[in-house]
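Only one structure is covered here, and it is reproduced in the block below.
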Amino acid sequence: MEVYLDNSATTKPCPGARKRLLEAVDLLWGNPSSLHQKGLEAQLLLEEARAFIAKCLSCRESELYFTSGGTESNNLAVFGAAKAMKHKGKRIVVSSVEHPSVSRAFDKLESDGFSVVRLPVDRFGVVPVEEIENAVDENTVLVSMMAVNNELGSVEPVEALSRIVKEKHSPALIHVDAVQAFGKLPLNVKKLGVDLMSVSAHKIHGTKGAGALFVKDSLHLAPHIFGGGQEKNVRPGTEPLPAIAAFFGAAQELDIKKSLPAVTALRDGFVKKLSALDGVVINSGADALPYIVNISLPGRPAEAVLNFLSSKGIYVSSGSACAKGRRSPTLTAAGLESERVNSSLRISLSKFTTADELDFCLEGIEEALRAIRKK
């Protein structure tokens, strides 16, 4: 039996995604920018996909730009917004638990002369609202905060951030990395009051190679890639239509009203059983996104446990896939002691995860506790 529980790293493409991808590869393979029939057919699919994904975010079609994925969307948003706003100031704010595609972009902006304020988090990786209130002022030009943390599943206070920016009469643009939230939580960019939002296809059972960036119509984002004028020059380059088509197919299969309570029930039962095991500590908060469960087996190195589980056909991760085994800056920022950070595992569910799979994972963890000696 194989049990895949690393869905925060990537997901298995769903039937709708595979169907749309093959249609694009076999029939609609023209360049969407070409004016002949094959190009027009491809353009029609591109705009149909744009309209549907825009609807998922409750934004206008004109506000949605396709990219190659979450990293490009985040970089485009952060660098584009900073460049567009630099005439108003150089104070920018970011949480201390962002994905590297955001945190390292802010590092680069800091080296370029921007003043970066990094928001601390609580024990569960959530930015306290008072920290936002203290950091945002009339000189702040950009704030970036993820909707859901990719390691702990923490749901960040995006609505509070938007409210504070307005109350402070700050000109700050608000960017939200919603890669882990899209398709799992309801997202409405208008209600959230954000200016930029990044999403990705392969986290919702699409394929790798496609993502999208919401850019509020009133915002003129400064591009940092130049080319043939596609995506209204915000992200030029021939659109990866097969990947976008798969993104479309995966988005069509989303049903948050059904999947969220179902996954929540699975998570709650799984965590209850994990909590009963001597040697397991739960790191994720009770109100975290139910798709992510972060645990520690203090005294047992994460890599040893991960490899043991993998040998049993159980696939989890020791943190963000982009970290490649390095010590987690998120858990460190949350104040967890070294023993817990070094023994942490991220178990991430999907809407296709079953109770039997979680029970099999639980058995594997019990075996690992017996087989791997504490150090």
Side-chain angles (χ1 to χ4, degrees), residues 74 77-79 81-82 85-86 88-111 113-181 185 187 189 191-198 282-289 292 294 319-320 323 327-338 340-341 344:
N74 284 336
V78 170
F79 288 119
M85 296 293 287
K86 67 179 181 179
K88 292 188 177 182
K90 289 197 170 184
R91 180 183 173 87
I92 54 180
V93 177
V94 66
S95 91
S96 57
V97 293
E98 294 298 311
H99 187 272
S101 60
V102 171
S103 64
R104 292 177 187 173
F106 270 77
D107 290 344
K108 177 63 170 66
L109 288 173
E110 187 171 37
S111 71
F114 282 84
S115 174
V116 179
V117 179
R118 294 176 175 84
L119 301 172
V121 295
D122 66 14
R123 155 71 182 76
F124 297 109
V126 178
V127 178
V129 173
E130 57 268 26
E131 294 292 345
I132 303 172
E133 292 175 334
N134 293 335
V136 174
D137 60 22
E138 65 277 6
N139 298 312
T140 307
V141 296
L142 172 64
V143 185
S144 185
M145 189 167 70
M146 60 194 350
V148 170
N149 183 265
N150 54 304
E151 290 190 54
L152 287 166
S154 320
V155 180
E156 301 295 349
V158 174
E159 289 189 64
L161 167 61
S162 178
R163 172 181 56 78
I164 291 166
V165 167
K166 290 178 181 177
E167 289 176 352
K168 293 290 187 76
H169 303 290
S170 173
L173 297 177
I174 300 172
H175 166 246
V176 172
D177 172 359
V179 166
Q180 294 294 343
L185 292 177
L187 293 173
V189 294
K191 289 183 179 179
L192 289 173
V194 304
D195 302 288
L196 301 142
M197 181 177 282
S198 306
I282 310 297
N283 297 323
S284 296
D287 55 354
L289 182 78
I292 298 175
N294 194 295
S320 167
R327 181 183 174 89
S328 167
T330 293
L331 300 187
T332 302
L336 272 65
E337 56 269 27
S338 295
R340 284 175 67 176
V341 174
S344 65

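Residues take their numbers from the sequence shown, with the count starting at 1.
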Report task. Step by step, work out the side-chain contact (heavy atoms from CB on, under 4.5 Å) result for Val179 and Asn150. Result -> CA-CA 8 Å; Val179 166; Asn150 54 304; over 6 Å; no
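- A donor-acceptor pair is defined here as one N or O able to donate and one able to accept, closer than 3.5 Å; such a pair exists between the side chain of Asn149 and the backbone of Val97.
- The shortest side-chain heavy-atom distance between Arg340 and Asn283 falls under the 4.5 Å cut-off.
- In this structure, Val78 and Leu142 approach most closely via the heavy-atom pair O-CD2, 3.8 Å.
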Requested in this report: Please report the C-alpha distance between Ser95 and Glu156 in whole Å, then the side-chain angles of each, then the deciding distance to 0.1 Å, and finally whether the side-chain hydrogen bond (donor to acceptor under 3.5 Å, both in side chains) criterion is met.
Outcome: CA-CA 10 Å; Ser95 91; Glu156 301 295 349; 5.6 Å; no
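- Nearest heavy-atom pair, Val117 versus Ala135, reported as atom, atom and distance to 0.1 Å: CG1-CB, 3.9 Å.
- Rounded to the nearest 0.5 Å, atoms CG (Asn139) and NZ (Lys88) are 12.5 Å apart.
- Atoms OG and CG, from Ser144 and Leu173 in turn, are 11.0 Å apart once rounded to the nearest 0.5 Å.
- Looking at heavy atoms from C-beta onward, Val126 lies in side-chain contact with Pro157 at the 4.5 angstrom threshold.
- Panel note: side chain Ser198, backbone Ala178; no donor-acceptor pair is recorded below 3.5 Å.
- Looking at heavy atoms from C-beta onward, Ser154 lies out of side-chain contact with Met146 at the 4.5 angstrom threshold.
- Looking at heavy atoms from C-beta onward, His175 lies in side-chain contact with Val102 at the 4.5 angstrom threshold.
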Requested in this report: Could you give me the CA-CA distance, side-chain angles and deciding distance for Ile292 and Leu152, then say whether side-chain contact (heavy atoms from CB on, under 4.5 Å) is met?
Outcome: CA-CA 6 Å; Ile292 298 175; Leu152 287 166; 5.8 Å; no
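- In this structure, Ala172 and Val143 approach most closely via the heavy-atom pair CB-CG2, 4.1 Å.
- Nearest approach of Pro128 to Pro120, heavy atoms of both residues: CD-O, 3.4 Å.
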Query raised in the report: What do the steps show when you test Ile164 against Val129 for side-chain contact (heavy atoms from CB on, under 4.5 Å), and what is the final call?
Result: CA-CA 9 Å; Ile164 291 166; Val129 173; 3.8 Å; yes
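- Two residues are said to be in side-chain contact when any heavy atoms from C-beta on lie closer than 4.5 Å; Leu331 and Asn294 meet this criterion.
- Applying the salt bridge (charged side-chain N to carboxylate O under 4.0 Å, His left out) test to Glu110 and every residue at least two apart in sequence or in another chain returns Arg118.
- Contact annotation: the side chain of Leu192 approaches that of Met197 to within less than 4.5 Å [non-hydrogen atoms, C-beta and beyond].
- Atom NZ of Lys86 has 12 or fewer heavy atoms from other residues, nucleotides or ligands within 6.0 Å.
- The nearest pair of heavy atoms linking Pro171 to Glu138 is CD-O, 3.3 Å.
- With hydrogens and angles ignored, the 3.5 Å screen pairs no side-chain donor or acceptor of Ser162 with any backbone N or O of Val194.
- One distance of note links CG of Asn74 with CZ of Phe79; it measures 10.5 Å at 0.5 Å rounding.
- Sorted by first then second residue, the salt bridge (Lys or Arg N to Asp or Glu O under 4.0 Å) pairs that include residues 121-137, not counting sequence neighbours, are Arg91-Asp137.
- Closest heavy-atom contact between Ser96 and Val121: OG-CG1, 3.9 Å.
- By the 4.5 Å heavy-atom criterion applied to side chains, Asp287 and Val155 are not counted as neighbours.
- The shortest distance between side-chain heavy atoms of Val158 and Met145 falls below 4.5 Å.
- Every residue two or more places apart in sequence or in another chain that forms a side-chain hydrogen bond (donor to acceptor under 3.5 Å, both in side chains) with Glu167 is listed here: Arg163.
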